[in-house]
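Reading through the structure tokens given below for one structure.
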Amino acid sequence: MSVILVTGGTGLVGQAIQYIIETEPEGSRFGKRPGEKWVFIGSSEADLRNQEQSKKLFEKYKPTHVIHLAAFVGGLFINMKRKLDFLRDNILINDNVLHNAHELGCKKVISCLSTCVYPDKVDYPLDETKIHLGLPHDSNFGYAHAKRLVDVQNHAYKDQYGDNFTSAIPTNVFGPHDNYDLESAHVLPALMHKCYLAKKNGTPFVVWGSGKPLRQFIYSRDLARLFVWMLREYDDVEPLILSVGEDEEVSIKQAADAVVSAMGFSGEYRFDTTKADGQFRKPASNKKLLSLIGDFEFTPFEKALEETVQWFQQNYSNARIGKP
């Protein structure tokens with residue numbers, strides 16, 4: 001019996017993995033396999049910053065495999081405001097998960113990183129060899145350093161003990177069950193929530209920044225399939241970028257236009273250029289992924305966005321929307 005523990009299992013990517021495990025045909029490439037037990041846990045079950053609670057969680061479920069998604073996360077502005085919190089909380093979470101996985105003799109751990117771990121000044125496109133070539137962008141200082149350390153720890157556990165610990169680097173993830181709290185949301189869910197409120201209240205839809213920065217967005221359900229594939233087939237300690245191709249970058253203005261269209265919003269819509277833009281672009285190469293996985297079809301951005309907006313509108317009262 002294999003027990004796959006998914007930390008952060010109630011969040012955006014965890015919910016997507018659960019959806020894929022429940023809907024893909026059993027025994028298929030991305031489906032559940034016979035003799036597997038999947039356990040999805042959220043922060044209500046254990047505070048992974050706490051050593052004792054983390055140990056009890058691992059002793060309770062005795063996982064053979066871990067997909068480690070749990071993190072203290074947020075968008076550009078909260079990252080800039082609370083650098084130490086992002087650094088310290090994520091260091092504690094990651095160390096507790098990896099240490100307990102090692103102590104229990106887990107066969108495999110895949111930790112989720114982010115493209116913000118990359119240096120601010122770097123040659124594009126990003127690839128798996130460039131993580132430690134310089135300092136990360138100052139806006140993500142705390143979070144980026146904590147996530148980089150996961151890669152360092154993975155190598156140390158492998159070198160010293162032979163542990164099969166690795167990591168995935170998704171680009172900008174979006175989909176159902178995202179965090180839509182305007183204080184801490186990433187760009188797409190923040191745009192959806194702002195547009196929803198503008199439509200509901202008959203107020204202007206104001207997008208922060210110029211709308212010019214470019215991002216690669218990956219649908220959470222596509223990412224979930226890639227995590228399942230990594231669990232089955234990827235056994236290298238080196239991180240792996242999980243992303244659409246760099247030719248599929250979308251500007252924030254294009255993303256906002258797509259939200260306006262999917263929401264059916266017809267009110268005033270403008271950009272507040274007094275607000276910061278963050279990094280202009282950080283294209284990542286998915287060549288290594290495609291060379292290993294072979295044939296994989298990503299959901300087109302507009303289709304994935306429409307499905308997400310539909311989910312958000314139908315589940316608004318239960319979504320993570322923060323304080324009204």
Side-chain angles (χ1 to χ4, degrees), residues 1-22 32-74 82 84-114 142-143 145-168 170 177-179 181 184 220 224 227-228 230-232 235 237 318 320:
M1 161 80 82
S2 292
V3 179
I4 298 110
L5 178 69
V6 182
T7 71
T10 57
L12 168 65
V13 182
Q15 292 269 9
I17 294 174
Q18 190 164 359
Y19 175 85
I20 293 302
I21 288 300
E22 289 170 358
K32 187 178 182 179
R33 289 190 176 167
E36 274 184 353
K37 180 186 176 188
W38 286 74
V39 179
F40 296 84
I41 64 115
S43 54
S44 61
E45 188 148 358
D47 180 350
L48 293 172
R49 294 171 300 183
N50 181 288
Q51 219 170 355
E52 196 55 42
Q53 287 187 36
S54 303
K55 188 179 178 193
K56 281 181 180 165
L57 179 82
F58 274 76
E59 286 172 348
K60 177 181 177 182
Y61 292 112
K62 297 181 175 55
T64 55
H65 301 73
V66 178
I67 296 178
H68 172 38
L69 309 172
F72 175 41
V73 297
R82 298 176 61 187
L84 179 65
D85 293 342
F86 278 93
L87 177 71
R88 190 161 185 268
D89 285 4
N90 284 300
I91 285 174
L92 290 170
I93 290 168
N94 299 333
D95 188 55
N96 283 330
V97 168
L98 294 179
H99 174 70
N100 282 292
H102 166 73
E103 290 290 297
L104 261 185
C106 286
K107 292 176 185 172
K108 189 169 191 177
V109 178
I110 305 168
S111 296
C112 189
L113 308 187
S114 154
Y143 183 76
H145 277 294
K147 285 292 189 181
R148 275 188 186 190
L149 275 173
V150 174
D151 179 50
V152 175
Q153 285 173 291
N154 286 344
H155 278 83
Y157 274 109
K158 182 181 173 66
D159 290 350
Q160 193 165 330
Y161 296 110
D163 289 326
N164 187 7
F165 292 179
T166 189
S167 55
H177 303 280
D178 210 335
N179 169 27
D181 183 343
S184 58
S220 58
F227 265 109
V228 174
M230 272 188 87
L231 187 77
R232 313 275 190 232
D235 287 317
V237 67
N318 302 315
R320 288 186 285 159

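With Phe40 as the fixed residue, the side chain to side chain contact (heavy atoms under 4.5 Å, CB included) test singles out one of Thr10, Ile67, Ile17: Ile17.
Ser54 places a side-chain N or O within donor-acceptor distance of the main-chain N or O of Leu48, the cut-off being under 3.5 Å. Ser220 places no side-chain N or O within donor-acceptor distance of the main-chain N or O of Val13, the cut-off being under 3.5 Å. Side-chain atoms of Asn100 come within 3.5 Å of backbone atoms of Asn96 as a donor-acceptor pair (strictly under, hydrogens ignored). In this structure, Lys107 contributes its side chain and Pro63 its backbone to no donor-acceptor pair below 3.5 Å. Looking only at distances, no side-chain donor or acceptor of Asp178 sits under 3.5 Å from a matching main-chain atom of Leu12. Side chain of Lys56 to main chain of Ala46: no donor-acceptor pair is present (N/O by atom type, distance under 3.5 Å, no hydrogens or angles).
When every heavy atom of Lys147 is checked against every heavy atom of Ala71, the shortest pair comes out as NZ-CB, 3.8 Å. Shortest non-hydrogen contact noted between Lys62 and Leu104 is CA-CD1, 3.9 Å. Taking each heavy atom of Val109 and Ala101 in turn, the nearest pair found is CG2-CB, 3.6 Å. When every heavy atom of Met230 is checked against every heavy atom of Lys108, the shortest pair comes out as O-NZ, 2.7 Å. The minimum heavy-atom distance linking Ala70 with Gly8 is given by the pair CB-N, 3.6 Å. The two residues Asn90 and Ala146 make their nearest non-hydrogen contact at CB-CB, 3.6 Å.
Between the CG atom in Asp163 and the NZ atom in Lys158 there is a gap of 9.5 Å [rounded to 0.5 Å]. Atom CG in Leu98 sits 5.0 Å away from atom OG in Ser111 (nearest 0.5 Å). Note: Ser2 OG to Lys32 NZ = 11.5 Å, rounded to the nearest 0.5 Å. Atom CG of Asn94 and atom NE2 of His68 lie 4.0 Å apart (nearest 0.5 Å). Here the CD atom belonging to Glu52 is positioned 12.0 Å from the CG atom belonging to Leu57, to the nearest 0.5 angstrom. With rounding to the nearest 0.5 Å, the separation of CZ in Phe58 from OG1 in Thr7 is 7.5 Å.
Taking the side chain as every heavy atom from C-beta outward, Asn164 and Tyr157 never approach each other to under 4.5 Å. Between Phe72 and Arg88 the shortest side-chain heavy-atom distance does not fall below 4.5 Å. Between Ile41 and Tyr61 the shortest side-chain heavy-atom distance falls below 4.5 Å. Using a 4.5 Å cut-off on side-chain heavy atoms (C-beta onward), Leu69 and Phe227 make contact. Using a 4.5 Å heavy-atom threshold, the side chains of Val228 and Leu231 count as separate.
A salt bridge between Arg320 and Asp181 is absent, with no side-chain N of the basic residue lying under 4.0 Å from a carboxylate O of the acidic one.
More than 12 heavy atoms of other residues, nucleotides or ligands shown are found within 6.0 angstrom of CZ on Arg148. At most 12 non-hydrogen atoms from other residues, nucleotides or ligands lie less than 6.0 angstrom from CD of Gln51.
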